[in-house]
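Let me begin by presenting the structure, written as structure tokens, before commenting on it.
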2 protein chains.
Amino acid sequence: MTSTPIADLWPTLPGADTRPEAAYRLLQAAVESFAERGFHATTTRDIATAAGMSPAALYIHYQSKAALLAEISQAGHAATLALVRAAAAGGGGPAERMRRLVEQFTTWHARARTVGRVVNYELHALPEDAYAVVAALRLDIEREVSALIEEGVTAGAFQVSEVRTAARAVTSLGIDVSRWYTDRSTEAPEELGRRYGELVLRMLGARV
Amino acid sequence: MTSTPIADLWPTLPGADTRPEAAYRLLQAAVESFAERGFHATTTRDIATAAGMSPAALYIHYQSKAALLAEISQAGHAATLALVRAAAAGGGGPAERMRRLVEQFTTWHARARTVGRVVNYELHALPEDAYAVVAALRLDIEREVSALIEEGVTAGAFQVSEVRTAARAVTSLGIDVSRWYTDRSTEAPEELGRRYGELVLRMLGARV
DNA sequence: TTGCTGACTAAGCGCTTGCTCAGCATGGTG
DNA sequence: CACCATGCTGAGCAAGCGCTTAGTCAGCAA
């Protein structure tokens with residue numbers, strides 16, 4: 001999915017249907033540039049050229065370079081939260097749901113690593129109001145994981161001394177995948193997800 | 001140690017004794033700026049002003065802005081590798097050494113998070129030759145962890161199906177600490193290190 | 001035909017960037 | 001004293017930045 005890094009999260013974007021195709025191309029070019037070079041090292045000329053337009057065309061579809069980043073970041077976070085919620089809310093006991101959560105969380109960060117890098121490592125470049133929205137979403141993700149661990153501990157399925165630290169470790173493992181995973185990685189995203197699911201369950205002291 | 005983020009690694013810098021104090025101040029200002037805003041969003045005026053000098057003074061002590069980054073990155077990686085090697089080479093069985101390694105690796109990434117952020121998240125801004133040096137150091141760190149896990153598996157101290165994946169997870173957990181740890185974190189670096197040591201040993205299937 | 005709209009471009013504005021350079025103060029050395 | 005190396009500054013240059021402006025053009029409704 002490297003060729004279309006935002007294909008997965010495109011449907012979650014507001015107004016995705018009505019938006020002209022050029023806006024989509026700009027968004028895609030922005031994701032790739034921001035992920036590879038970082039927000040500040042990316043120029044509006046980079047983005048526009050990659051989308052096959054002149055720099056001025058960018059401003060017809062987006063208010064600013066920062067607005068592009070905000071849109072990517074918010075959509076990416078919303079998609080991640082949705083994924084986490086779906087996995088945590090599905091059937092099964094705490095261990096089964098946690099395995100599913102970690103598998104999907106990890107797989108997403110490996111497959112959508114391009115979006116993942118922008119989402120996780122360009123937060124500091126967000127305008128203040130966009131950052132506030134995104135920070136709330138990140139908190140929700142963290143809370144979802146914490147709640148599931150808490151539930152597992154209460155049910156006797158997990159053995160964890162510090163729930164918050166454990167939750168941090170779980171999300172941290174997944175997020176960092178988007179940093180180190182590359183095209184050259186030999187493990188497929190799903191395979192990595194399965195292995196990480198196993199490791200996390202052991203980490204949480206789940207009875208296997 | 002936020003006030004003197006490079007105090008720990010300063011002695012490891014080449015020519016630290018002979019270097020004028022102004023060079024030290026510039027280095028420190030650069031670490032703080034790069035960590036907070038990123039390399040590209042940091043201006044030479046930012047660095048020089050924070051060090052109490054005019055922008056021109058920077059170029060008496062360093063060839064370029066990128067040379068500052070290279071120096072920070074190389075020193076930081078060298079210090080980390082030394083820490084990992086020392087922990088892995090100390091006394092005790094695989095489990096004891098792994099616990100020590102994770103404790104110190106984690107503690108370092110929490111306490112020296114300012115340097116850690118530059119070291120781990122500004123790699124893309126490094127000039128090619130400096131990147132090559134740093135990449136080699138990173139590979140050495142990864143290898144050191146892999147070797148210890150391998151040894152533990154052979155000795156029957158660990159139960160791990162994929163050594164490389166497990167090694168990735170261990171280093172990944174530590175590195176990501178420098179991303180999320182803040183002044184407001186309630187856990188002290190050493191406390192976090194102890195907890196992470198515990199989690200990792202469980203993850204590796206160590207007999208506890 | 002006329003009038004209007006939305007998507008786009010060529011040109012470029014005002015500003016900031018990394019970096020340079022001539023010159024100045026200081027302090028050790030003959 | 002003269003001499004000079006060292007550390008630094010004020011002024012500023014060339015390049016590149018985000019973004020704007022004036023205007024082109026295809027498509028469409030009346």
Side-chain angles (χ1 to χ4, degrees), chain A residues 13 15-73 118 122 124-131, chain B residues 13 15-73 118 122 124-131:
Chain A
L13 290 167
D17 307 327
T18 62
R19 196 181 310 219
E21 190 247 357
Y24 177 85
R25 264 157 43 218
L26 283 165
L27 206 63
Q28 186 143 314
V31 169
E32 271 158 17
S33 282
F34 292 163
E36 192 181 320
R37 290 181 281 256
F39 177 80
H40 289 292
T42 297
T43 70
T44 53
R45 286 160 180 85
D46 288 337
I47 299 169
T49 303
M53 296 177 232
S54 79
L58 190 154
Y59 293 89
I60 291 160
H61 301 284
Y62 299 96
Q63 277 197 358
S64 63
K65 189 177 110 170
L68 261 167
L69 175 65
E71 178 124 11
I72 294 164
S73 194
V118 179
E122 301 297 330
H124 59 95
L126 281 171
E128 221 168 309
D129 51 343
Y131 179 79
Chain B
L13 289 169
D17 308 327
T18 63
R19 196 181 311 220
E21 189 246 357
Y24 178 87
R25 263 159 40 219
L26 283 165
L27 207 61
Q28 187 143 312
V31 169
E32 271 158 17
S33 281
F34 292 163
E36 192 180 321
R37 290 182 280 257
F39 177 80
H40 288 292
T42 297
T43 71
T44 53
R45 285 161 180 83
D46 288 337
I47 300 169
T49 304
M53 298 177 231
S54 81
L58 191 153
Y59 294 89
I60 291 158
H61 300 285
Y62 299 96
Q63 276 197 358
S64 65
K65 189 178 110 171
L68 261 167
L69 175 66
E71 179 125 10
I72 293 163
S73 195
V118 180
E122 300 297 329
H124 59 95
L126 282 170
E128 223 169 307
D129 51 343
Y131 179 80

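Below, read A as the first sequence line, B as the second, and so on, with proteins coming before strands; counting in each chain starts at 1. These figures come from a predicted structure and were not determined experimentally.
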Tell me whether A:Y62 contacts the main-chain N or O of A:A23 through its side chain, where contact means a donor paired with an acceptor under 3.5 Å. yes
Atom-to-atom span, CD1 of A:I60 to P of C:dA10 - whole angstrom: 13 Å
Using atom CG of B:L68 as one end and atom C1' of C:dC19 as the other, report the distance to the nearest whole Å. 13 Å
Closest of C:dC8, D:dC19, C:dC21 to the A:P55 side chain is D:dC19
Can you list every pair that meets salt bridge (Lys or Arg N to Asp or Glu O under 4.0 Å) and has a residue in residues 56-68 of chain A, with sequence neighbours left out? none
To the nearest angstrom, how far is B:Y59 atom OH from D:dC8 atom P? 15 Å
Are any side-chain N or O atoms of A:S73 and backbone N or O atoms of A:L69, one a donor and one an acceptor, separated by less than 3.5 Å? no
Any donor-acceptor N/O pair under 3.5 Å between D:dG16 base and A:R45 side chain: no
To the nearest Å, how far apart are B:L58 CG and D:dG10 C1'? 16 Å
Using modelled atom types only, decide if a donor and an acceptor are shared between the side chain of A:R25 and the backbone of A:A51 within a distance under 3.5 Å. yes
Regarding A:S54, tell me which of base, sugar-phosphate or nothing describes its non-hydrogen contacts under 4.0 Å with the strands shown. base
Rounded to whole Å, the CD-P distance (B:Q63 to C:dC19) equals 10 Å
Quick one: is D:dC17 close enough that its OP1 or OP2 comes under 4.0 Å of any side-chain N or O from B:H40? no
Side chain of A:M53 - closest among C:dT17, D:dG10, C:dT9: C:dT9
Atom pair distance, as rounded to whole Å: NZ in A:K65 and P in D:dC19: 8 Å
Could you list the donor-acceptor pairs under 3.5 angstrom formed between side-chain atoms of residues 34-41 of chain A and any protein atom two or more places apart in sequence or on another chain?
{"from": "A:R37", "atom 1": "NH2", "to": "A:S33", "atom 2": "OG", "distance (Å)": "2.8"}

Gap between atoms OH and P, on A:Y62 and D:dT20 respectively (whole Å): 17 Å
Rounded distance in Å - CG (A:D46) to C1' (D:dC19): 15 Å
Closest to the B:A57 side chain: D:dC8, D:dC17, C:dC19? D:dC8
Taking only side-chain nitrogens and oxygens of A:T44, does any of them come within less than 4.0 Å of OP1 or OP2 of D:dG18? yes
